[in-house]
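Whatever order the structure lists them in is the order used to number ligands and atoms, beginning at 1.
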Amino acid sequence: MHISIPVLLSFVGLTGQLALAGAGGSTIKACQELSKALPGRVSLPLSINYYREASEYWSTVLRDIKPACVVLPESALEVGNTVKILNKYPDVKFTAKSGGHDPNPGHATVQDGVLISLGKISGTTYDRSRNLAYVKPGGEWNDVISTLNKDGVTVVGGRLGIVGIGGFLLQGGISFLSSQYGLAADNVVGWELVTSNGSIISVDAGEQPELAVALRGSGSQFGIVTQFTLKTYSIGKVWGGLRIYDESKSNDIFQALHGFVPDNTQEQKAAIIVSNLFAIGGTRAFIVFYFYDAENPPASGPFANFLKIGSLIDITKTQTYAELLKSNGFGASLLNSRISFRTLTIPYIPNKPSIYLEISNKMRDITKNFLSNPFRLTSQCSVDFQPLSSVVGKHTEDRGGNAMGLTGSDPDRIILEIQCSWSDKNDDETMRQFSRDLTSWIESMIPVWLEGQDGAKELYLPLFMNDAMADQNVTGSYRDYDKLKLLQLQADPDGVLRTRTGGFKY
Ligand SMILES: Cc1cc2nc3c(=O)[nH]c(=O)nc-3n(C[C@H](O)[C@H](O)[C@H](O)COP(=O)(O)OP(=O)(O)OC[C@H]3O[C@@H](n4cnc5c(N)ncnc54)[C@H](O)[C@@H]3O)c2cc1C
Ligand SMILES: *[C@@H]1O[C@H](CO)[C@@H](O)[C@H](O)[C@H]1NC(C)=O
Ligand SMILES: *[C@@H]1O[C@H](CO)[C@@H](O)[C@H](O)[C@H]1NC(C)=O
């Protein structure tokens, strides 16, 4: 049906109210009070802003979830006023959204509650004299990186430029620059934070080191961040892009991966993501994202070993960092699918170069029958192998530490991201279960793989929040869980964030 925008708008006043019927009485009151207090910032169902905000999510699963109203604040003060008003309605759920890339229902979405979209709180400014950038949570990494690129500097941010900023920086953030400078969150030195009671505070990592650690990897549980202060680093032209390989290269790729992981601590300018794809009929392929922080990659060594493997498609080249991130995000921006994430952190085991293929074979076996169905041509899963070299923890520690608890004495590890995408709603649980089956199988195999290894008992394998599924106990995997939980209780004494907002909890 075709309806012109003016006609649609004329319905808004009436139908907007009717559509609120799914929400409870206090939610309707909260939305009404917010509309009065923040003129022009609150949208109701069937308005253009509401439609845009409630459907602007990377995973299409989340587009079915309908908030009662959407607040689009334009300043920290307006976010603060929103939270103050919401404090008067204790049974109204609310949540903050930055980029909307977290695919978990109920994280950056809220059925029949109040969605606070930070899309208009965006922009980046560079303070050359202090080597700092002030980055607001709305928008995407493409905007931040291209703005800073003009001054020859960058920040530790996303690897695909389309990804959102706020969630990324609060949940950890693996960057191509992480072996040089740590996780993205490690490089945040200041936060402008709207706390659980709606007051606006400035957190300085130097003055409040404990709160700073908590804010680096606790997600949404300490407040709504309206600005991040990030360390900047100079950057010139870089080399990178992606290459695609067929299944026949499996052994070569996994052998190169095994050589790369321990070398990354020396060769810090290099980064890779090995993405192993599973598609129709159990066919496998690989997309490898490459990054080297110089105009040309080295001609020998473990990174170069990767580059010798013959690929089907090769779009690697020398380019600006901003151009690289833009082109890396292109494929993912077209997906338009229902999507799930799940993660597991596995140890690097020097004498076990075979485990990557074992993991790949297991995932193929789990998904094969399902993906062989001709009606599921567009469904696929992938297992991404993301090296987390020991040196990342050293950078974390040098910068004061993070909630994930990385330290300078960490061993090499690999963060797995298991992603599935599909189009039929009826497949939601089946697809999520494939990822669960894989992680529980790997968890059962880790002790077997580690038999006879020295120091295996002390292995610390925290989960990586940005890649996790909602049912994973991410914070529970953190070394300092008890201490962080207590800090969260102090920051949120009435449980406003803990019980009423989305995201991973303590
Ligand atoms: C294509 C793609 C590529 C990716 N690449 C990477 C990568 O290279 N490295 C990596 O580490 N991760 C990566 N991720 C994962 C990504 O970091 C997470 O999905 C992250 O949550 C995205 O941030 P966002 O701003 O879009 O979060 P949203 O989906 O908007 O929010 C996620 C959670 O954070 C909360 N939140 C968001 N903003 C705020 C705020 N300002 N204050 C308080 N709480 C807030 C929300 O309430 C929600 O609980 C990628 C994801 C996708 C889809
Ligand atoms: C609101 O929270 C802040 C920080 O958590 C605290 O310092 C302040 O006293 C609180 N204000 C009120 C009115 O409770
Ligand atoms: C998560 O893990 C922690 C630490 O082991 C535990 O105390 C907590 O009960 C767990 N939470 C859930 C919801 O299982």
Undergrad: With heavy atoms of S199 as the reference, note each atom of ligand 2 found under 4.0 Å away.
TA: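 Reading through ligand 2 atom by atom, the close ones are 1 (C), 2 (O), 3 (C).
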Undergrad: Donor-acceptor check, side chain of T95 to backbone of G502, threshold 3.5 angstrom: yes or no?
TA: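 Between the backbone of G502 and the side chain of T95 there is a qualifying donor-acceptor contact (under 3.5 Å).
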Undergrad: Between T407 and D410, is any side-chain donor less than 3.5 angstrom from a side-chain acceptor?
TA: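 D410 and T407 do have a side-chain donor-acceptor pair below 3.5 Å.
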Undergrad: Whether the N197 and S199 side chains hold a donor-acceptor pair (N or O, under 3.5 Å, no angle test) is what I'd like checked.
TA: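 Yes, side-chain donor-acceptor contact under 3.5 Å.
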Undergrad: Just need the protein heavy atom nearest to atom 5 (O) of ligand 3, so name the residue and atom and give the distance.
TA: G476 O, 3.9 Å
Undergrad: Please write down residue, atom name and distance for the protein heavy atom closest to atom 13 (C) of ligand 2.
TA: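 Residue, atom and distance for the closest contact: N197 ND2, 4.3 Å.
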Undergrad: Ring of F291, cation from R159 - is the NZ or CZ under 6.0 Å from the centre and inside 45° of the axis?
TA: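 So R159 doesn't make the cation-pi contact.
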Undergrad: Say whether, by atom type as modelled, one donor and one acceptor occur between the side chain of W58 and the main chain of A332 under 3.5 angstrom.
TA: yes
Undergrad: For the side chain of D186 and the backbone of Y181, is there at least one donor-acceptor N/O pair under 3.5 Å apart?
TA: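 Here the side-chain-to-backbone pair does not exist.
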Undergrad: What is the nearest protein non-hydrogen atom to atom 7 (O) of ligand 3, stated with its residue, atom name and distance?
TA: Y481 CE2, 3.6 Å
Undergrad: As a test of reading the model: which residues have a non-hydrogen atom less than 4.0 Å away from ligand 1?
TA: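 Only W58, T95, A96, K97, S98, G99, G100, H101, D102, H107, A108, L118, P137, R159, L160, V163, G164, I165, G166, G167, F168, L170, Q171, G173, I174, S220, G223, I224, V225, A332, F341, F464, N466, G502, G503 have heavy atoms that fall under 4.0 Å of ligand 1, ordered by chain and number.
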Undergrad: Check whether the side chains of T147 and T124 place a donor and an acceptor atom closer than 3.5 Å, and report yes or no.
TA: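 Note: T147 and T124 side chains miss the donor-acceptor criterion.
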Undergrad: For atom 2 (O) of ligand 3, what's the nearest protein heavy atom and its distance?
TA: N473 ND2, 2.4 Å
Undergrad: Among all protein heavy atoms, pick out the one at the shortest distance from atom 4 (C) of ligand 2; state its residue, atom name and that distance to 0.1 Å.
TA: T195 CG2, 4.0 Å
Undergrad: In Å, rounded to the nearest 0.5 Å, how long is the span from CG of D424 to OG of S379?
TA: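 Spacing of CG (D424) from OG (S379) equals 8.0 Å.
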Undergrad: Please check if the side chain of K97 supplies one atom and the backbone of E56 the other of a donor-acceptor pair under 3.5 Å.
TA: yes
